[in-house]
Amino acid sequence: MMTHKTRLAHAISLALFIAASTAVAEDASNDQSTLGTIIVTAEKRSEDIQNVPMSIGVIDEAQIENQHLTQLSDIAGYLPGFTVVNGGSPGQASLGLRGISPLSAGSTVATYIDETPLGTSSNYGGGSSEVLDLLPYDFQSVEVLRGPQGTLYGASSLGGVVRYVTKQPDLDQFSARVGGDVFSQSNAGDMGYQERFGFNAPLVPGQLALSASIARQESPGFTDNVRTGDKNQDDYWQQAAHATLFLKANEDLTVKFSVLQSVVDSQSSSITALDPISLKPIYGNLKDDNYFLEPFRRTVDYSNLDVNWNLGFADFVSSTSYEHNEANSTLDASLVYGVAFPLFGLPDAGLSAVTYALRLNKTTQEFRLVSKPDDHIEWLVGAFYTDERSNQAQAASAQALDYTSIAGLDPLAVVGFPSTYKEYAGFGDLTYKFTPAFDITGGVRWAHNSQTFSEITSGALTGALNVPGDSSEDVFTYSLSPQFHFGDDSMVYARVASGYQPGGPNLALPGVPTSVEASKLTNYEVGLKTLLDDHRIMLDVAAFDIDWSKIQISANAGGVSYLANGGTARSRGFEFTSLWMPVTGLRFGLNAAYTDAIITEDVPSLGGVNGDRLPNIPKWSASATADYSFPLAANWTGRVGGGVRYLGSSVSQIESSPLALPQDSYTAIDLNGDVSNDTWTFRVFVKNLTDKRVYTNLTALTNAATGAIDRINAVPLEPRVVGVGFDVKF
């Protein structure tokens, strides 16, 4: 029987299809449409994306709002080569680009807000499993820079960089906007909603302006707990607040001060229990049997001061930032540790919960001199410094089946990892234009980092321990990009670029090195960017070959994880991005990526064999989009749009690992539409129209006593969402 939600989704999709078909038929004769210019700052100067010699994906503000994109896992489906492995709630995920995803505790994709990096550069700040899932209201765009960016962006940008780009306040015009959405979700008992508000106010017209925005979303859970009877246990809320004060002191000097807070609060993870043999749901779709809720809460407070001073011959830029990050989470480890309690002389298995608490304070400072645009030589030189202080605390409990503490065994372990990371670097690049058609850009970066670390333990299993460690290293990265321009709108380029993931001190275990070395890679790339048919067609094609050495992995000794360098790997493939505007208001997009990422040496500690696929990397991913705007009565405009996203199959661990599990491919459909005038916008949206049920992130739970896989924790693709919303400008 068709449910009410199913009927609503099909009705909306049919209405969008009919409206699109009618609108296209009425306006097919108009061929005056052209694609607009996209300005990015990937090379730390404002440039047309068509002139930047690297592969860049951009999701603009309109697409974010039209498709109700609220986290990076929503965005990834429309950016080829970008993978987001969802950990069960916003803020819990790992990122990968071009087949380069984390195999240890450190991140391989750097996250930036405008000029400055967020998150940790070290291996002890949760970088590989926590991301900035910023509710992106009132932001200009999200940029994804594919391939290593070690020269301009530094540490942890092996695979690339994700940048949230904010809007600059308007010094002359007051504006304000308020809006909201209401939506339903398959298997959810309650409605979800989002509310948002933003304004821009010139405080001193032409000189000083303030902009601010806040958005909050309440999302209903869709996972039921068969053990406790809790319904929709994985509900969560997100909130993002952002304010910017912009001063134009004179024609040559501007100062911008920004503050931002992002909060994610999830009651529990959206995990479904799967049978380890059949990989089918044990209790049915979207059902778990966890003994403990698995909440996750993360708060990021960020402030930034940018100064831009026109010196005549160049622009001097200073960017200073401070970040305070707190994250707390719980993992139900009853099927890992609780089942092993009989080994300690207890008559029965018990319960165990592992809690994690992370605190990070990070200060960064960057200075740059950027030359003016020139017909022959353009250059950039800079210096960078960061100071990180983090503390990661873990505690594992031992409880009986009635949740009472087990004397003498509880706590199993209490572990603290306080650490520091300091880095200073110098960098620069130079573009020499031999002719109007041919130029070469080269860049270098030298960086030095020093780290301290302590391993502090107590508890029944670990005993009392306090072991300090430290490390230091120098890292050199480079880039070289010859470019040939044919015509004003077309370019072919080659690019060689390197990146690194910092090493660091290690756990104190017998036979384990006291530190791990930096992981490094080199990317070889050729690409074509062109605008055709009088700016109606855009093509961006890139092919790449990456050599990755000294890969950092999480190895295991006696049930304790430590860091190690795991040999070499390579990733090869291509990315294809296109847009076509055949008539006014109608736009089609087609994106695709092929990635073949494998290890090229045996990794015995992970059970990996030369030639194994790297984890969580699909060979194929693709998306197709269509969007059409058309006039309605009076001053109203209609718009309909939609997208199809495809993600190929992957493996959860290195292919030959005994813990590797197959993760299925899937195709999902999203639809959206709106009517608007200069003041009002009313919209509808559908995500995952067919309510595709697939599990995108599989984790094996291994019994600590026997080593057997007792169960699979599986994170599903977000079930269908159907919603309506509005925005009003004044």
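Checked against salt bridge (Lys or Arg N to Asp or Glu O under 4.0 Å), R495 has no partners two or more places apart in sequence or in another chain. Looking at residues two or more places apart in sequence or on another chain, you find no side-chain hydrogen bond (donor to acceptor under 3.5 Å, both in side chains) involving S657. Partners of A597 according to the side chain to side chain contact (heavy atoms under 4.5 Å, CB included) rule, which considers only residues two or more places apart in sequence or in another chain, are S571, T595, L614, I617. For T522, the side chain to side chain contact (heavy atoms under 4.5 Å, CB included) partners at least two apart in sequence or on another chain are Y478, V496, S498, Y524. In this view, S121 and E388 satisfy the side-chain hydrogen bond (donor to acceptor under 3.5 Å, both in side chains) rule, not counting sequence neighbours. Judged as a side-chain hydrogen bond (donor to acceptor under 3.5 Å, both in side chains), and not counting sequence neighbours, T83 has no contacts. Applying the salt bridge (Lys or Arg N to Asp or Glu O under 4.0 Å) test to D74 and every residue at least two apart in sequence or in another chain returns K687. Taking the side chain to side chain contact (heavy atoms under 4.5 Å, CB included) definition, one finds that E473 meets it with N449, V475, P502, A518, sequence neighbours left out. With sequence neighbours left out, the ring pair (Phe, Tyr, Trp, His ring centres under 6.0 Å) criterion links H324 to no other residue. For E115, the salt bridge (Lys or Arg N to Asp or Glu O under 4.0 Å) partners are R368, not counting sequence neighbours. Checked against side-chain hydrogen bond (donor to acceptor under 3.5 Å, both in side chains), S213 has no partners two or more places apart in sequence or in another chain. Partners of Y153 under the ring pair (Phe, Tyr, Trp, His ring centres under 6.0 Å) rule, at least two apart in sequence or in another chain, are Y112.
Without hydrogens or angle criteria, N325 side chain to L360 main chain gives no donor-acceptor distance under 3.5 Å.
The aromatic rings of F367 and F316 sit parallel to each other, their planes meeting at less than 30°, with 60° as the upper class boundary.
The minimum heavy-atom distance between S262 and D133, with the atom names listed, is OG-O, 4.2 Å.
A side-chain N or O of S390 and one of S419 form a donor-acceptor pair less than 3.5 Å apart.
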